[in-house]
Amino acid sequence: MLPPELDRRYPLIVAGDGVWVQDAAGRRYLDAMSGGSMALTLGHGREDLIEAARAQAEKVAFVHNERLTNPAQEQLALELASVAPEGMERVHFVTGGSEANECALRLARTYHVERGEPRRWRVISPAQGYHGPTMATLALTGRAGLHGPLTPYLREQPHIPPSTWRFDPTGEQALNALDDALEQAGPENVAAFFSEAISAAALPAYTPPPRFWEGLAERRERHGFLICFDEVVTGMGRSGSWFAADRMPFTPDIIATAKGLGAGYAAIGAAICHERVYEAVARGSRSFTLGHTWDGSPLPCAVGLAVIDALRRERLIERVARRGSSLREELAEALHGIAMVREVRGHGFLLGVEYVDPRDGESFLPATLGVAGRIDDVALAHGLVTLSTQPTGDGYAGDQSLFAPPFTASDEELAEMVARFAAAVREVADYVERELAGQKPVPQRVAAADVQ
Ligand SMILES: Cc1ncc(COP(=O)(O)O)c(C=O)c1O
């Protein structure tokens, strides 16, 4: 193994059931992060999804897209088009989120080239974003801290700052920054605005104010670029509607989605485009060649169909929409009075907690305290899987946590997740206050050592 962190001891997970996972020593952890990365929207051990994969594998497990197609892929494309925003009718399948975003980029560029505007290639995006670790997707984030030594491989793109309470609560400054970026790049060179509709790890559960989205749509109209939404996390119900785009004052041109489409049971992603994007190809070269081996393969597509069926049959998106706002209130209440908790945000089952320096209630916490990482370690010691975001030193965001349970979590399980999470945050807040008061650093807890 070449693990992400060489000095970390990782719990060895051998079983999962609903919102629980169990390690080799028999310790059980509540999974408040849907498998750790928000993919496992329907929980562990789903017989219907396992059966769908098995049944498809028995019929035909694999054929490649280039010369062959299959009913699971064709049907899943129809189903996705039926739940996507109006007019978004064409689907290209890939294997995951980064590939879906790269496919969206390729589609945006293709659209302009096919229409005789090959100059359009620049992509403007919010600086505090995350679109994946591949070179093209990494180039889309303005967090230089994530680029690290890969900078020579990354083509620089224009960025705008986030409209958070700290910088720009109305969204007007971001619109001004967008105008500046358009001006600098030359609007005739801009292919797309690329953004998460609601952010995940980069700025948990944040979305710009409505004024920003309205202004963006006006500028698309004026300048002719496309709007691409990264809905790798928010697609397939996470925010309480099929897509976060459903609640926008405009229809995007391209949506990339992934995680919840396979619900953690299969690696699958998709780029869904508006008919006008498809038409550009249909009237132009009539080819869109993107040939990853697994694109549209029957097995993951069959799982995708079973996921959509389960979301519909169990009315899970309705539950996420209904339960999400009370979950946010419960989380806010459980964290009430902790001076380093500045904001609890939420859309459906995508919630975010933002931490600040308790001494003034607004500055970023000193990075040396490693608060985000500590919260995850302490939560794991409390038997809870969480995922927090470390600041990357770019000045847009500090320590934050995500809270994104499976849609199938019962009220009792949600309450237990909230309680364990709040206990972890209180424990870390206590260390932080002591260390900021100049006391000796508290040794960091080792993951999972004392889980009941
Ligand atoms: C918003 C967003 N976009 C893209 C990605 C990349 O997806 P993948 O890891 O499947 O390539 C992620 C992964 O966490 C994500 O959160």
Side-chain angles (χ1 to χ4, degrees), residues 4 31 33-41 92-108 123 125-143 146-147 150 154 157 159 162 192-208 227-239 243-245 252 254-272 290 292-295 300 303-304 307 345 347-352 372 376 385-390 392 396-397 400-404:
D31 179 0
M33 270 307 298
S34 300
S37 83
M38 299 162 280
L40 193 104
T41 50
H92 187 96
F93 292 107
V94 291
T95 314
S98 312
E99 281 184 11
N101 281 333
E102 290 221 6
C103 184
L105 270 182
R106 188 182 281 243
L107 263 169
V123 178
S125 61
Q128 184 66 19
Y130 180 73
H131 304 290
T134 60
M135 298 308 157
T137 56
L138 203 50
L140 289 180
T141 177
R143 296 153 76 194
L146 288 185
H147 293 165
L150 297 171
L154 308 177
Q157 297 280 11
H159 297 290
F193 179 83
F194 204 107
S195 159
E196 291 166 84
I198 301 171
S199 300
L203 260 176
Y206 157 85
T207 190
I227 298 178
C228 300
F229 270 159
D230 173 344
E231 294 224 34
V232 168
V233 169
T234 49
M236 313 311 292
R238 169 70 60 199
S239 72
F243 292 93
I254 304 172
I255 291 178
T257 192
K259 300 186 188 254
L261 184 53
Y265 288 75
I268 182 167
I272 310 168
L290 175 65
H292 295 294
T293 299
W294 280 88
D295 293 358
V303 172
V307 167
R345 299 183 283 260
H347 300 271
F349 275 19
L350 179 59
L351 294 105
D376 290 345
V385 180
T386 56
L387 185 73
S388 300
T389 309
Q390 313 269 2
T392 40
Y396 301 115
Q400 310 162 87
S401 291
L402 271 163
F403 192 90

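As the structure lists them, so they are numbered: ligands from 1, and atoms in each ligand from 1. It should be emphasised that the depicted structure is a prediction, and the values quoted were computed from it without experimental measurement.
- When only interatomic distances are considered, the shortest N/O to N/O separation between G97 and ligand 1 falls below 3.5 Å.
- The backbone and the side chain of S98 each have at least one atom closer than 4.0 Å to an atom of ligand 1 (non-hydrogen atoms only).
- From E231, atom CD reaches atom CD1 of I198 across 7.5 Å, with rounding to the nearest 0.5 Å.
- Less than 4.0 angstrom separates some heavy atom of K259 from each of these atoms of ligand 1: 12 (C), 13 (C), 14 (O), 16 (O).
- Listed by chain and number, the residues in a side-chain contact (heavy atoms from CB on, under 4.5 Å) with A139 are L154 (sequence neighbours excluded).
- Between the side chains of R238 and S34, a donor-acceptor pair is found at a separation under 3.5 Å.
- Proximity to G132 (heavy-atom distance under 4.0 Å) selects the following atoms of ligand 1: 4 (C), 6 (C).
- For the 3.5 Å distance criterion, the side chains of S388 and S401 qualify, holding a donor opposite an acceptor.
- Contacts of T137 with ligand 1, taken as heavy-atom pairs under 4.0 Å, are absent altogether.
- Between E99 and ligand 1, no N or O atom pair is found at a separation short of 3.5 Å.
- For the residue pair T386 / D376, a side-chain donor-acceptor distance below 3.5 Å is found, with atom types taken as modelled.
- Scanning the protein for heavy atoms near atom 12 (C) of ligand 1, the closest one is Y130 CE2, 3.6 Å.
- The nearest heavy-atom contact from the protein to atom 16 (O) of ligand 1 is V233 CG2, 3.3 Å.
- Ligand-side atoms of ligand 1 in range of E196: 1 (C), range being under 4.0 angstrom from any heavy atom.
- In summary, the atoms of ligand 1 found under 4.0 Å from a heavy atom of N101, numbered by their order in the structure, are 3 (N), 4 (C).
- In this structure, a donor-acceptor pair under 3.5 Å is absent between the side chains of H292 and T95.
- Closest approach of V307 to A263, counting heavy atoms only: CG2-CB, 3.7 Å.
- Minimum interatomic distance between L290 and V94 (heavy atoms only, all atoms of both residues): CD2-CG1, 4.1 Å.
- Considering backbone and side-chain N/O of D230, one or more are found under 3.5 Å from N/O of ligand 1.
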